[in-house]
Amino acid sequence: MSQKPAKPQRLKARLPRGLADRPASELRATDAMLGKIRKVYELYGFEPVETPFIEYTEGLGKFLPDQDRPNEGVFSFQDDDEAWLSLRYDLTAPLARYVAENFEALAKPYRSYRLGWVFRNEKPGPGRFRQFMQFDADTVGSGSPAADAEICMMAADALEALGIPRGQYVIKVNNRKILDGVMEAIGLGGEENAGRRLTVLRAIDKADKFPWEEVTKLLGSGRLDESGDFTKGAGLAENEIAAIHAYLHASVQVDGALFLVRMASPQIDQSFSAIAAYREGIAEIQDMFGLIQAAGYGPDRIKADFSVVRGLEYYTGPVFEAELLFEVKDEKGNPVRFGSVGGGGRYDGLVGRFRPEPVPATGFSIGVSRLAAALKVLGRLDGLNAPGPVVVTVFDKDRLADYQSMVARLRAAGIAAEMYLGSAGLKAQMKYADRRKSPCVIIQGGDEKAAGKIQIKDLIEGAKADEAIVSHTERKEQRPAQIEVDESALVESVQAILARHFPAAG
RNA sequence: GCAGCUGUAGCUCAGUUGGUUAGAGCGUCGGAUUGUGGCUCCGAAGGUCGGUGGUUCAACCCCACUCAGCUGUACCA
């Protein structure tokens with residue numbers, strides 16, 4: 001009996017949850033995507049800026065109230081002077097810090113875009129990571145509804161530039177002041193109602209996710225979900241719930257520059273209109289849509305949606321959300337809605353935290369990773385099938401110099417090429433080239449060398465030819481898609497093959 | 001956080017009322033083919049059955065605890 005040798009205790013290679021490695025195909029696809037978005041932002045006159053991953057926690061505003069500790073949702077650590085530092089959880093707070101710190105030097109309104117990783121220490125899920133990429137554009141220093149309108153139009157243009165057809169996405173617009181007014185109208189104004197107000201707003205946010213009966217439960221006594229978990233409700237009275245219902249089912253009439261909002265019941269309309277914040281919010285959204293419609297962006301691209309609730313802590317006026325409308329099936333056949341792929345709004349208080357004067361600002365953020373997943377499903381993700389390098393196989397190990405010089409000739413002609421650097425035989429080298437998605441391989445054994453020839457095998461053509469071949473011997477005899485040319489014709493022969501398979505390139 | 005479900009090979013999954021040596025497909029590696037990827041055939045490697053404890057003559061299977069994953073829900077600045 002041979003004894004099994006004790007297994008060495010080996011480190012387990014594993015990635016912390018909520019994080020993802022990104023293979024070549026994904027990097028290429030993301031690059032292509034980002035280029036398209038960047039082009040749109042540049043067209044609108046926005047300039048790039050970059051800030052670091054790390055900020056002072058206090059600058060992010062992420063200290064827990066009454067505690068000397070950062071919010072758990074941010075990755076934080078202490079500097080050697082004990083000051084708390086955090087990985088940024090979005091790109092807006094760092095931008096606010098940047099603008100405040102460089103206020104005098106920047107031309108205002110300051111229009112900039114930026115792209116980068118952000119980090120959230122939260123429970124990950126499908127399409128939700130602890131590190132993900134955002135692509136933002138913001139206008140700082142303008143309180144004009146034109147700035148808000150422009151941001152929305154730019155978001156719509158960006159989605160279309162990525163190949164999402166009109167009608168398959170929509171930019172939804174609401175206004176915090178309208179929401180605040182409605183809260184006040186049902187008696188939830190004031191500091192003492194902050195908790196219940198939050199509960200009600202969250203229930204409103206669920207309006208596009210749950211049917212109205214479920215929202216009613218959340219507004220009333222509470223809701224028991226299918227797993228048996230109970231969510232406490234806001235405890236609103238029936239007439240208050242009716243007011244929310246009327247609000248969510250308000251009609252919006254659009255006629256040229258005219259934008260009219262009417263609640264389902266005249267009494268409720270009247271009670272809302274008695275609130276100053278409500279009137280202000282309605283006026284702002286009317287101004288915005290006047291501009292949006294004048295620019296030719298109809299409700300098929302940008303529309304009002306009163307159920308949008310975002311960033312309760314810092315948005316002060318208009319809020320936006322980009323939603324994809326198409327539904328797809330995942331590998332298991334379950335329907336998947338991508339839903340929100342971006343959002344934004346006006347955050348007039350954020351820069352002002354660092355400055356004596358108030359600084360209005362508005363912006364929009366695209367969730368790059370989630371959008372990339374959606375584009376993949378749509379088949380609009382480029383760069384997934386980029387060809388690999390031409391592989392020059394090593395036949396005689398003592399003639400590496402010959403092979404290397406072929407590689408150099410190909411590279412000099414701008415053709416991606418490499419010499420096989422492993423130690424395996426020709427068969428394995430062919431497999432390697434196959435896996436690398438090489439368009440073709442170069443083979444030169446002793447016979448060819450003596451005759452001043454090389455073999456070029458077109459792997460793409462070969463794969464096609466193989467469909468008709470049944471036996472190995474047949475393949476071996478035919479050597480499909482393989483040509484023999486003079487050594488001197490290496491570059492032009494490879495170029496011909498590439499031109500055949502990738503007519504656009506080169 | 002709360003609730004439900006699931007943890008068996010790199011991946012997807014079988015595994016009988018608790019009973020010898022835990023299987024398959026795919027993938028990987030090798031061979032058939034010392035000079036040619038894909039098709040075919042043959043072979044091999046690969047497992048602390050998530051972990052710990054318990055019940056039992058005997059546990060992948062039953063029980064308790066624990067960890068991880070998935071789903072829903074909550075939170076998401």
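Lettering follows sequence order; numbering is per chain, from 1. Keep in mind the model is a prediction, meaning the values are calculated, not measured.
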**OP:** Describe the nucleic acid contact of Gly462(A) in one word from base, sugar-phosphate, nothing, applying a heavy-atom distance below 4.0 Å.
**Re:** base
Subject >> Inter-nucleotide C1' distance (U16(B), G1(B)), Å rounded >> reply: 41 Å
Original post:
If the P atom of U6(B) is compared with that of A74(B), how far apart are they to the nearest Å?
Top reply: 24 Å
Original post:
C1' atom, C13(B) versus U55(B): distance in rounded Å?
Top reply: 30 Å
**OP:** Quickly work out the Tyr315(A) OH to A77(B) C1' distance and round it to whole Å.
**Re:** 10 Å
Original post:
Among G72(B), U36(B), A77(B), which nucleotide sits nearest the side chain of Lys123(A)?
Top reply: G72(B)
Original post:
So does Glu484(A) have more than 12 non-hydrogen atoms from other groups sitting under 6.0 Å from CD?
Top reply: yes
Subject >> Nearest-Å distance once atom P is located in both C26(B) and C63(B) >> reply: 35 Å
Original post:
Counting side-chain heavy atoms from C-beta on, which of U36(B), G35(B), G69(B) comes nearest to Gln482(A)?
Top reply: U36(B)
Original post:
If each of Lys209(A) and Leu426(A) is mapped to the nucleotide of RNA chain B with the nearest heavy atom, which maps nearer the 5' terminus, i.e. the 5' end?
Top reply: Leu426(A)
**OP:** Using atom CZ of Phe210(A) as one end and atom P of G72(B) as the other, report the distance to the nearest whole Å.
**Re:** 10 Å
Subject >> Among A74(B), U33(B), A77(B), the one nearest Lys427(A) by side-chain distance >> reply: U33(B)
**OP:** May I have the distance from Asp396(A) (atom CG) to U34(B) (atom C1'), rounded to whole angstrom?
**Re:** 13 Å
Original post:
Quick one: which of G69(B), C76(B), G35(B) gets closest to the side chain of Glu448(A)?
Top reply: G35(B)
Original post:
Any idea how Phe119(A) and Phe53(A) line up, ring-wise: parallel (<30°), tilted (30 to 60°), or perpendicular (>60°)?
Top reply: tilted
Subject >> Short N-O contact, Glu55(A) and Arg97(A), less than 4.0 angstrom >> reply: yes
Original post:
Contact class for Val74(A) vs. all strands (heavy atom < 4.0 Å): base, sugar-phosphate, or nothing?
Top reply: base
Subject >> Qualifying residue for salt bridge (charged side-chain N to carboxylate O under 4.0 Å, His left out) with Asp138(A), from Arg111(A), Arg114(A), Arg346(A) >> reply: Arg114(A)
Original post:
Under 4.0 Å between a Lys/Arg side-chain N and an Asp/Glu carboxylate O for Arg436(A) and Glu418(A)?
Top reply: yes
Original post:
How many Å lie between CZ on Arg399(A) and C1' on G35(B), as a whole number?
Top reply: 13 Å
**OP:** Measure from NZ on Lys217(A) to P on U73(B) and round the result to the nearest Å.
**Re:** 13 Å
Original post:
Expressed in angstrom and rounded to an integer, what is the separation of Met430(A) atom CE from U33(B) atom C1'?
Top reply: 13 Å
**OP:** Please report, rounded to the nearest Å, how far the C1' atom of U36(B) is from the CD1 atom of Ile442(A).
**Re:** 13 Å
Original post:
Between atom CZ in Arg223(A) and atom P in A3(B), what is the gap in whole Å?
Top reply: 17 Å
Original post:
Hey, is the side chain of Lys457(A) pairing donor to acceptor with the base of G37(B) inside 3.5 Å?
Top reply: yes
**OP:** Using a 4.0 Å heavy-atom cut-off across all strands, classify Asp447(A) as base, sugar-phosphate, or nothing.
**Re:** base
Original post:
When you measure from the centre of the six-membered ring of Tyr314(A), is the NZ or CZ of Arg353(A) under 6.0 Å away and within 45° of the axis?
Top reply: no
Original post:
Can you tell me how far P in A22(B) sits from the matching atom in C61(B), rounded to whole Å?
Top reply: 15 Å
Subject >> Nucleotide-level pairing of RNA chain B, given in dot-bracket where Watson-Crick and G-U pairs need both distances under 3.5 Å and | marks other strands >> reply: (((((((..((((.....[...)))).(((((.......))))).....(((((..]....))))))))))))....
Original post:
Say you pick atom C1' in C42(B) and the same atom in A58(B); how far apart are they, in whole Å?
Top reply: 39 Å
**OP:** Determine the contact category for Lys232(A): base if any of its heavy atoms lies under 4.0 Å from a base atom, sugar-phosphate if only primed atoms, P, OP1 or OP2 are that close, otherwise nothing.
**Re:** nothing
Original post:
Are any of the side-chain nitrogens in Arg310(A) or Glu321(A) under 4.0 Å away from the carboxylate oxygens of its partner?
Top reply: yes
**OP:** Name the orientation class of the two ring planes belonging to Tyr432(A) and Tyr420(A) (parallel below 30°, tilted from 30 to 60°, perpendicular beyond 60°).
**Re:** perpendicular
Subject >> Glu280(A) bridged to Lys177(A) by N-O distance under 4.0 Å >> reply: yes
**OP:** Would you indicate, yes or no, if A68(B) has its OP1 or OP2 atom less than 4.0 angstrom from a side-chain nitrogen or oxygen of Arg17(A)?
**Re:** no
Original post:
Is there a side-chain polar atom (N or O) of Arg202(A) under 4.0 Å from OP1 or OP2 of C75(B)?
Top reply: yes
Subject >> Candidates G37(B), G35(B), A77(B) - which lies nearest the side chain of Tyr314(A) >> reply: A77(B)
Subject >> Smallest separation among heavy atoms of Val173(A) and Ile285(A), with atom names >> reply: O-CD1, 4.0 Å
Original post:
Would you find more than 12 non-hydrogen atoms of other residues, nucleotides or ligands less than 6.0 Å from Tyr56(A) atom OH?
Top reply: no
Original post:
Could one point to a donor on the side chain of Gln455(A) or the base of U36(B) with an acceptor on the other under 3.5 Å away?
Top reply: no
Original post:
Want to settle it: does Arg128(A) or Pro124(A) sit nearer the 5' end of RNA chain B, counting the closest nucleotide to each?
Top reply: Pro124(A)
Subject >> NZ or CZ of Arg176(A) within 45° of Tyr315(A) ring axis and under 6.0 Å >> reply: no
Original post:
With stacking defined as ring centroids separated by under 5.5 Å and planes differing by under 30°, is Phe395(A) stacked against G35(B)?
Top reply: no
Original post:
Using the C1' atom in both, what is the distance from C49(B) to A14(B), to the nearest Å?
Top reply: 13 Å
Below 3.5 Å is the cut-off: list the nitrogen or oxygen pairs between protein and nucleotides 27-30 of chain B, distance only.
residue	atom	partner	partner atom	Å
U28(B)	OP1	Arg435(A)	NH2	2.7

**OP:** Take atom C1' in A9(B) and the same atom in G46(B), then report the distance between them in whole Å.
**Re:** 6 Å
